[in-house]
Amino acid sequence: MSHWLVKSEPTSFSYRDLEKAPKKTTSWEGVRNYAARNFLRAMRKGDRVFFYHSNAEPNAIVGICEVVREAYPDESQFDRKSEMHDPKSTRESPTWSTVDLRAVRALPRAVTLAELRGVAGLEKMEILRKGSRLSVTPVSEEEWRVVCALAGVSDAVA
DNA sequence: GCCAACGTTGGC
DNA sequence: GCCAACGTTGGC
């Protein structure tokens, strides 16, 4: 099982919004970056995913969600009225993918970006890289364990 | 194929 | 609000 991290601006879609969604599930539409898309496509049902609030006060990992449906075409790319519309994309060969994510649990303690900096074991974590902009990134097993420990979540339930 | 210009992301 | 990082676009 792999682990991942997705970013969202809480003013547009927060972890709380995911918890309030029907079945606590949403389609992670709108990814328009090839590297991030490729990570979406590599996600497998059951993979656990950190939910990170960017452009937030504070910026922090706030929850855990789970992949409940593997990659499928992102409908918004075909919608001419959507800001996410991609005229280059066709039904025959869709460019952009989405997955379904379901809220598992809010972290007992949100772990802020400031707190993550300097923590042993997280030196290579993508989100800590200067200028990091990828909205979907893989998280190593060690990074997952370290962050869970900081958040007060035991591995057994993560 | 190169690269400058431009737009966006996102931390601070 | 500023600005660094980075992806994309388009001229050549």
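A, B, ... follow the sequence lines: proteins, then strands. Residue 1 opens every chain. The structure presented is a predicted model; accordingly, all values stated were derived computationally and were not measured. Just the heavy atoms: all of them, side chains too, but no hydrogens, waters or symmetry mates, feed the values below.
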What residues form a ring-ring contact (aromatic ring centres under 6.0 Å, His included) with A/Tyr72, not counting sequence neighbours? none
Tell me every residue that passes ring-ring contact (aromatic ring centres under 6.0 Å, His included) with A/Phe50, counting only those two or more places apart in sequence or in another chain. A/Trp144
Atom pair CG/NZ of A/Asp100 and A/Lys45 - distance to nearest 0.5 Å: 10.5 Å
Check each of A/Arg129, A/Lys124, A/Lys130 against A/Glu126 using the salt bridge (Lys or Arg N to Asp or Glu O under 4.0 Å) test, and report the only one that passes. A/Arg129
In short, A/Ala151 meets A/Leu107 closest at the heavy-atom pair CB-CD1, 3.7 Å
Calculate, to the nearest 0.5 Å, the distance between atoms OG1 and CZ belonging to A/Thr95 and A/Phe78 respectively. 8.0 Å
According to salt bridge (charged side-chain N to carboxylate O under 4.0 Å, His left out), who are the partners of A/Arg69, at least two apart in sequence or on a separate chain? none
Collect all protein-nucleotide pairs involving nucleotides 10-12 of chain B in which both atoms are nitrogen or oxygen and the distance is under 3.5 Å.
residue : atom : partner  : partner atom : Å
B/dG10  : OP1  : A/Lys7   : NZ           : 3.2
B/dG10  : OP1  : A/Arg133 : O            : 3.0
B/dG11  : OP1  : A/Tyr52  : OH           : 2.8
B/dG11  : OP2  : A/Asn55  : N            : 3.0
B/dG11  : OP2  : A/Asn59  : OD1          : 3.2
B/dG11  : OP2  : A/Asn59  : ND2          : 3.3
B/dC12  : OP1  : A/Arg117 : NE           : 3.3
B/dC12  : OP1  : A/Arg117 : NH2          : 3.4

With ring centroids as reference points, do A/Trp4 and A/Phe51 lie under 6.0 angstrom apart? no
Selection: residues 82-97 of chain A, any non-hydrogen atom under 4.0 Å of DNA chain C: none
Rounded to the nearest angstrom, tell me the gap between atom OH in A/Tyr34 and atom P in C/dT8. 7 Å
Which of A/Ile127, A/Asn59, A/Val136, A/Asn55 passes side-chain contact (heavy atoms from CB on, under 4.5 Å) with A/Lys7? It is A/Ile127
Is there a residue in residues 71-81 of chain A whose heavy atoms reach under 4.0 Å of DNA chain C, and which residues are they? none
Apply side-chain hydrogen bond (donor to acceptor under 3.5 Å, both in side chains) to A/Ser76 and A/Asp79, showing your working. CA-CA 5 Å; A/Ser76 64; A/Asp79 181 357; over 6 Å; no
Rounded to the Å, how far apart are A/Glu126 CD and B/dT9 P? 16 Å
